[in-house]
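The next block holds one structure in the form of structure tokens; read it before the comments.
From a predicted model like this one, the values you see are computed outputs, not experimental measurements.
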Amino acid sequence: MKLQAGQPLTLYVATDIHYLSPRLHDDGEAFHTYIQAGDGKQLSYIDPMSEAFAEEVKEKNPAALILSGDLTNNGEKASHEDLAAKLKKIEAAGTQVYVIPGNHDLSNPWARRFKGNSQYKTEAITPEQFVEIYEAFGYHEAISRDTSTLSYLAKVSPDLWLLMLDTSQYDLNEFAGFPQTDGEIPSATQEWIKECTRLAAEDGARIVTVMHHNLVDHSTVPIKGFTLNNSKEINHLFEKLRLNLVLSGHIHIQDIRQTNHGLYDIATSAFSVYPHQYGVLQYDPTGRTIEYESTQVDVEAWARKRQVSDGNLTGFAEYSRKFFAEHSYNKAYASLGELPLSEADKTLMARTMSDINLLYFAGRAASGPERERLLASQGYRLWEKADSTFLQGYVQSMLEPKSPHNTKLQMTLQGGLE
């Protein structure tokens, strides 16, 4: 569907789907052991969750769906192929899909299938195969392609363009034996970005920039690998080019940050992790404004419509909340390790951490009555006195008040070089 100039647009953005094809596991012991050792991803139900999301997109019919990397669990070819089949159905219903890879998606030595009590290596994909599989989802529509990365420039409409940046580094994955998690934008790609902004300025279009890695830090606790390695350099470049909105992911939490120069980086929370959110953007070409708000995919409505018998799906919101709360509790309890604490104190602290995590990943920990309750709790006071600088700082950082709001934003897109 060709969109006209001056037309208001609705766009959806999702990230860190971490889709794992049902063909790659038997729901057995090895698979569930892997999930329990992980970082809270809801892999047991990632296929029906993705089906529910695809149905939601088809019914609401936004102009575009943007997927900002980590499309798959660990870059399995079968996962890429099966996800692409779902995206094809979305496009057939009238929504254009745009994708970029994340650090899990390409040349990943950790690609695995699960059977019984064992894991087995399975086929991963190359950058060339990524373009082949996802050709219809941005690459075919690209008006410009970067020669150094899988980045491209595409027009959602004559007014609004997408600068889809491949910030992942995967050339050394096979040699290293593990996927590289950090990201950057190389100098050659920076020169290409300058050309993209020139093209947009000539056409009077505004640009939304999309990348997997974060442009700015989304936590006051320094954790390597999430923010671009050359973030200061790229911030300066974007300021100069008047690119003032970035959609990112990777860190899995819902968080919006604004730089001193007015540039926004919206990190939408991981679709695969509670509360399974995606972002809705409304673009008004009259004022060149963007309104963003995160929303939760309605798995339960999809399950009812299909008369699914699995109670975990018909009651998915509560099931998923309990799953993530329990996972967070177990991780927090284990992190306390050998600290000189009573079992009662460890239990209370772990429960508090679990409660904070539920809010933090949803982007609701910076304000509201739940935050005040947690700050006043005995468990939080124990964390404040914990004999661990990192853990103490991490817990405190999650409840820090901040502006702007983490789940909503209204802003005006600047133009390129004019």
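A heavy-atom distance below 4.5 Å is not found between the side chains of F53 and K86. Side-chain contact between T220 and E400 is present, with heavy atoms from C-beta onward closer than 4.5 Å. L358 places none of its side-chain heavy atoms less than 4.5 Å from the side chain of E370. When side chains are defined from C-beta on, F178 does not count as touching P109, because their heavy atoms never get closer than 4.5 Å. Taking the side chain as every heavy atom from C-beta outward, Y12 and I66 never approach each other to under 4.5 Å. A heavy-atom distance below 4.5 Å is not found between the side chains of I256 and D265. Using a 4.5 Å heavy-atom cutoff, the side chains of L106 and T126 are not in contact. Looking at L20 and F31, their side chains come closer than 4.5 Å, going by heavy atoms from C-beta outward.
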Take Y19 and H80, measure what ring-ring contact (aromatic ring centres under 6.0 Å, His included) needs, and give me the verdict at the end. CA-CA 8 Å; Y19 182 77; H80 281 296; 9.6 Å; no
Evaluate the criterion side-chain contact (heavy atoms from CB on, under 4.5 Å) for residue pair E91 and F137; output intermediate values, then yes/no. CA-CA 8 Å; E91 286 210 338; F137 312 122; 3.5 Å; yes
For side-chain contact (heavy atoms from CB on, under 4.5 Å), just list the numbers for W383 and Q392, CA-CA rounded to whole Å, side-chain angles, deciding distance to a tenth of an Å, and then say yes or no. CA-CA 6 Å; W383 275 110; Q392 183 187 71; 5.7 Å; no
Between Q42 and F323, does the side-chain contact (heavy atoms from CB on, under 4.5 Å) criterion hold? Intermediate values first, please. CA-CA 8 Å; Q42 184 56 261; F323 171 88; 3.4 Å; yes
Hey, mind stepping through H213 and D182 against side-chain hydrogen bond (donor to acceptor under 3.5 Å, both in side chains) and telling me if it holds? CA-CA 8 Å; H213 293 80; D182 58 327; over 6 Å; no
Passes side-chain hydrogen bond (donor to acceptor under 3.5 Å, both in side chains), S248 versus N214? Steps please. CA-CA 6 Å; S248 66; N214 308 126; 3.0 Å; yes
Take V273 and F361 through the side-chain contact (heavy atoms from CB on, under 4.5 Å) test and state the conclusion after the steps. CA-CA 8 Å; V273 176; F361 277 74; 3.9 Å; yes
Please step through side-chain hydrogen bond (donor to acceptor under 3.5 Å, both in side chains) for the pair D355 and T352, ending with a clear verdict. CA-CA 5 Å; D355 288 345; T352 301; 5.7 Å; no
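A side-chain donor-acceptor contact under 3.5 Å links S79 to the backbone of S21. At distances below 3.5 Å, at least one donor-acceptor pair connects side-chain atoms of E56 with backbone N or O atoms of D298. At distances below 3.5 Å, not a single donor-acceptor pair connects side-chain atoms of D284 with backbone N or O atoms of L9. With hydrogens and angles disregarded, no donor-acceptor distance shorter than 3.5 Å links the side chain of T95 to the backbone of A64. Remark: the backbone N or O of S68 is paired with a side-chain donor or acceptor of H212 at under 3.5 angstrom. Not a single donor-acceptor pair under 3.5 Å links the side chain of K77 to the backbone N or O of Q129. For the pair S151 (side chain) and D166 (backbone), a donor-acceptor distance under 3.5 Å is present. Remark: the backbone N or O of E29 is not paired with any side-chain donor or acceptor of N117 at under 3.5 angstrom. Remark: side-chain polar atoms of N244 are paired, donor with acceptor, to backbone N or O of Q414 under 3.5 angstrom. Looking at Q7, its side chain does come within 3.5 Å of a backbone N or O of Q4 through a donor-acceptor pair.
Just one residue in the list R112, H104, H18 forms a side chain to side chain donor-acceptor pair (under 3.5 Å) with N74, and that residue is H104. Tested against L160, the residues L281, I207, L11, L3 include a single side chain to side chain contact (heavy atoms under 4.5 Å, CB included) partner, L11.
Across Y139 and F130, no two heavy atoms sit closer than the pair OH-CE2, 3.6 Å. Smallest separation of non-hydrogen atoms from P22 and D82: CD-OD2, 4.5 Å. Taking each heavy atom of A63 and V156 in turn, the nearest pair found is CB-CG1, 4.5 Å. For the residue pair N406 and Q254, the shortest heavy atom distance occurs at O-NE2, 3.1 Å. When all heavy atoms of Q190 and I185 are compared, the closest pair comes out as NE2-O, 3.0 Å. Annotation for N173 and Q180: closest pair OD1-N, 2.9 Å, computed over non-hydrogen atoms.
In the displayed structure, K402 atom NZ is contacted under 6.0 Å by more than 12 heavy atoms of other residues, nucleotides or ligands. Residue N260 places its CG atom among 12 or fewer non-hydrogen atoms of other residues, nucleotides or ligands, all under 6.0 Å distant. Heavy atoms from other residues, nucleotides or ligands lying under 6.0 Å from CD of E384 number more than 12. Within 6.0 Å of NE2 in H32 there are more than 12 heavy atoms belonging to other residues, nucleotides or ligands.
Note that the CG atom of D70 and the OG1 atom of T181 stand 10.0 Å from one another [nearest 0.5 Å]. Here the CG atom belonging to L153 is positioned 6.0 Å from the CH2 atom belonging to W192, to the nearest 0.5 angstrom. Interatomic distance, L228 CG to I234 CD1, rounded to the nearest 0.5 Å: 6.5 Å. Considering CE of M398 and CG of L374, their distance stands at 9.5 Å, rounded to 0.5 Å. Atom CG in L172 sits 10.0 Å away from atom OG in S107 (nearest 0.5 Å). Interatomic distance, CZ of R351 versus OH of Y329, reported as 6.0 Å (0.5 Å rounding).
Judged by distance alone, the side chains of T259 and Y264 never bring a donor and an acceptor atom under 3.5 Å apart. Residues T10 and Q282 have side chains that bring a donor and an acceptor to within less than 3.5 angstrom of each other. Residues S354 and N357 have side chains that never bring a donor and an acceptor to within less than 3.5 angstrom of each other. Side chains of Y134 and D105: no donor on one and acceptor on the other come within 3.5 Å.
For K322 and E326, the salt-bridge test fails: no basic side-chain N is under 4.0 Å from an acidic carboxylate O. Electrostatic pairing of D159 and R206 does not count as a salt bridge here, judged by no charged N lying under 4.0 Å from a carboxylate O. One finds a salt bridge joining R23 and E81 here, because a Lys/Arg side-chain nitrogen approaches an Asp/Glu carboxylate oxygen to under 4.0 Å. Looking at R198 and D203, no side-chain N of the basic residue comes within less than 4.0 Å of a carboxylate O on the acidic one, giving no salt bridge. The pair E55-K58 meets the salt-bridge criterion, with a side-chain N (NZ, NE, NH1 or NH2) lying under 4.0 Å from an Asp/Glu carboxylate O.
Using cut-offs of 30° and 60° on the angle between ring planes, the pair F316 and Y319 is tilted. Relative orientation of the H276 and F271 rings is perpendicular, given thresholds of 30° and 60° on the angle between their planes.
Both tests hold for R113 against Y120: distance to the six-membered ring centre under 6.0 Å, angle to the ring axis within 45°.
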